[in-house]
Amino acid sequence: MDAMLGRAMWRHLLALALALRGAQGWSVLILGGTGFRGHLTTELLVREGHNVTVISRGIRYWDNFQRLSPHMTHWRCNRTLAQEHGGGVLPKSSGLVNCTELVNSNATFDAVVDFSTRTLPEMKQAISLLRGRVSLYIFISSHAVYDVAKNRTHDEEYLLESDAVRPGREVSPLDRWALKGKSVRGDNELECEEELLKQYNAGGFPYVTLRLGNVFGPKENSIRYWLLHLWVKACVALTLPLHVDNSLEATPISMTYTPDIAQAVRLAIAKGLNESCCAEKVHGEAFNLACEEMPSQRVLYNYIGEPAGMPYVETIELPHNLSIVLYPDNLQGPISVAKAQEVLRWSPTTLNKALRSVARFYERIMLEAKKHKQEIEYMYRKIKAMLGADGPRFVEWSRARYAERRKTELYDELDDEDEDEIILSRKASADRHGKGSKRPKREL
Ligand SMILES: *[C@@H]1O[C@H](CO)[C@@H](O)[C@H](O)[C@H]1NC(C)=O
Ligand SMILES: *[C@@H]1O[C@H](CO)[C@@H](O)[C@H](O)[C@H]1NC(C)=O
Ligand SMILES: *[C@@H]1O[C@H](CO)[C@@H](O)[C@H](O)[C@H]1NC(C)=O
Ligand SMILES: *[C@@H]1O[C@H](CO)[C@@H](O)[C@H](O)[C@H]1NC(C)=O
Ligand SMILES: *[C@@H]1O[C@H](CO)[C@@H](O)[C@H](O)[C@H]1NC(C)=O
Ligand SMILES: *[C@@H]1O[C@H](CO)[C@@H](O)[C@H](O)[C@H]1NC(C)=O
Ligand SMILES: *[C@@H]1O[C@H](CO)[C@@H](O)[C@H](O)[C@H]1NC(C)=O
């Protein structure tokens, strides 16, 4: 009872503090802020009392939308460009131009955080609609950009931000064309980055690019971590070893934890708006974001197995085209995060701690079963489709196992605060870090 009262009081005080601070908070527009990668960023900014507007289709991934919608302005728009029959896109009659709230309002934004732009025409459309209305643009890109870049020219073990370069269309169209083919996603993302740079150099708004590695965290909408979590538990019982892609077997993997993205966005906005010195160090710059530990596929499976109570994980090596490998989703290997640590003062969660939090989250979901029944059923359908002939017995085994445990283990109904504790438990220390870095000693 006391604990309950304490919590309620704490929430009340926090809300009060945030309401007071809100007056001088940032006005932030988030494109795609209710999905897997973005919802914790939206949540962090909302909790800090900023005025957050989200443009998304309002699809109900998990309960992100319901949880966030009372605390944000939501403009329900589908920003994906429609295609003509010939394959061309229609930027004059689809996508953000049809987002009437955006087009009809005169609102300006301290920052735009862009989780949803996928292609060059979408980026061009966003730039033309937001020009003159935004002080800083944060683009969420990924390590796939290195898959379409020229060979690196340094001996560093890991990919540096400066490696994402390729010959311009004018200089060497053939080389550029050959590189494009290596990753459609990487090509699209690098084109978006190139477009942001171009408009910036022409006197447009400043921007910061954040490049993510293999993203993991709670509330996935395409099933990756969650499948591995169940698979490491099932592999011995079902003699169903996890797959190791032998073409990437020894490649270290950069993993990016979704709460760490939120932290980086907040730091990048503070710097980019010159609230914490120095804006010129981040304007037009890219930053890699990932945990510092970089396991190979096998080691990652063991890391996932450990908190799941599986000290031994069986694996089998398979050629690339026959293996189900969820990580890595790029080809060029791991990324260095030294620049984000040094310039943004960003500190990623340790991989083991992050994996333990995510493991706890999905364990609770599976044991409790009711609150997220829809997501569990969706995940089982996906797994059946991915595992083919082994799908049905995998799902059956998993259902039976959690049903059995539900009978004997104590578990509570999962409420929102429990979810926060599991995932955002490092918030308090992150806050202190953030405030500290806002006021370097020499300015006092
Ligand atoms: C928050 O931003 C929206 C625009 O997205 C604006 O309409 C609203 O007035 C802002 N609220 C405050 C308190 O500034
Ligand atoms: C969004 O728009 C695109 C392009 O017109 C379309 O393909 C897609 O189905 C739309 N999505 C939703 C959820 O309306
Ligand atoms: C989108 O807006 C354009 C004009 O800006 C209009 O011609 C078109 O019909 C709109 N499309 C939809 C689906 O509303
Ligand atoms: C936007 O600004 C224009 C000119 O500054 C003004 O005429 C118009 O009423 C404004 N619209 C809104 C929705 O504030
Ligand atoms: C880049 O590296 C690959 C493999 O390491 C090699 O096959 C290719 O020729 C290199 N390209 C250039 C332009 O050096
Ligand atoms: C940032 O603020 C510092 C003073 O704190 C100032 O010297 C510098 O010019 C500012 N930079 C930008 C890009 O506004
Ligand atoms: C996988 O690749 C090998 C050669 O690399 C090829 O012989 C085989 O047919 C491919 N299998 C499938 C299912 O694509």
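Both counts, for ligands and for their atoms, begin at 1 and track the order of listing.
Taking a 6.0 Å sphere around CD of Q66, one finds it holds more than 12 heavy atoms contributed by other residues, nucleotides or ligands.
Here the options are V54, T53, T108, T73, the test is side chain to side chain contact (heavy atoms under 4.5 Å, CB included), and the partner is L29; only T53 passes.
In this structure, the protein non-hydrogen atom closest to atom 7 (O) of ligand 3 is S93 CB, 4.4 Å. The shortest contact between atom 5 (O) of ligand 3 and any protein heavy atom is with K92 O, 3.8 Å. Looking only at heavy atoms of the protein, atom 4 (C) of ligand 2 is closest to A82 CA, 3.6 Å.
Looking at E375, its side chain never comes within 3.5 Å of a backbone N or O of K219 through a donor-acceptor pair.
Considering all non-hydrogen atoms of both residues, T34 and N64 come closest at O-ND2, 3.0 Å.
Near L81, meaning under 4.0 Å from one of its heavy atoms, ligand 2 places the atoms 4 (C). The distance from ligand 6 to the heavy atoms of A279 drops below 4.0 Å at these ligand atoms: 13 (C). The distance from ligand 6 to the heavy atoms of E280 drops below 4.0 Å at these ligand atoms: 11 (N), 12 (C), 13 (C).
Taking only non-hydrogen atoms, the option from N78, L90, N98 nearest to atom 13 (C) of ligand 3 is N98.
For F216 and Y327, the ring centers sit 6.0 Å or farther from each other. Remark: aromatic rings of H39 and F65 are distant, center separation not under 6.0 Å.
Aromatic ring pairs are classed by plane angle as parallel below 30°, tilted from 30° to 60° and perpendicular above 60°; the pair H243 and W231 is perpendicular.
Proximity of atom 2 (O) of ligand 2 to the protein is indicated by at least one non-hydrogen atom lying closer than 4.0 angstrom. In this structure, atom 9 (O) of ligand 3 is not in close contact with the protein, since no protein heavy atom lies within 4.0 Å of it.
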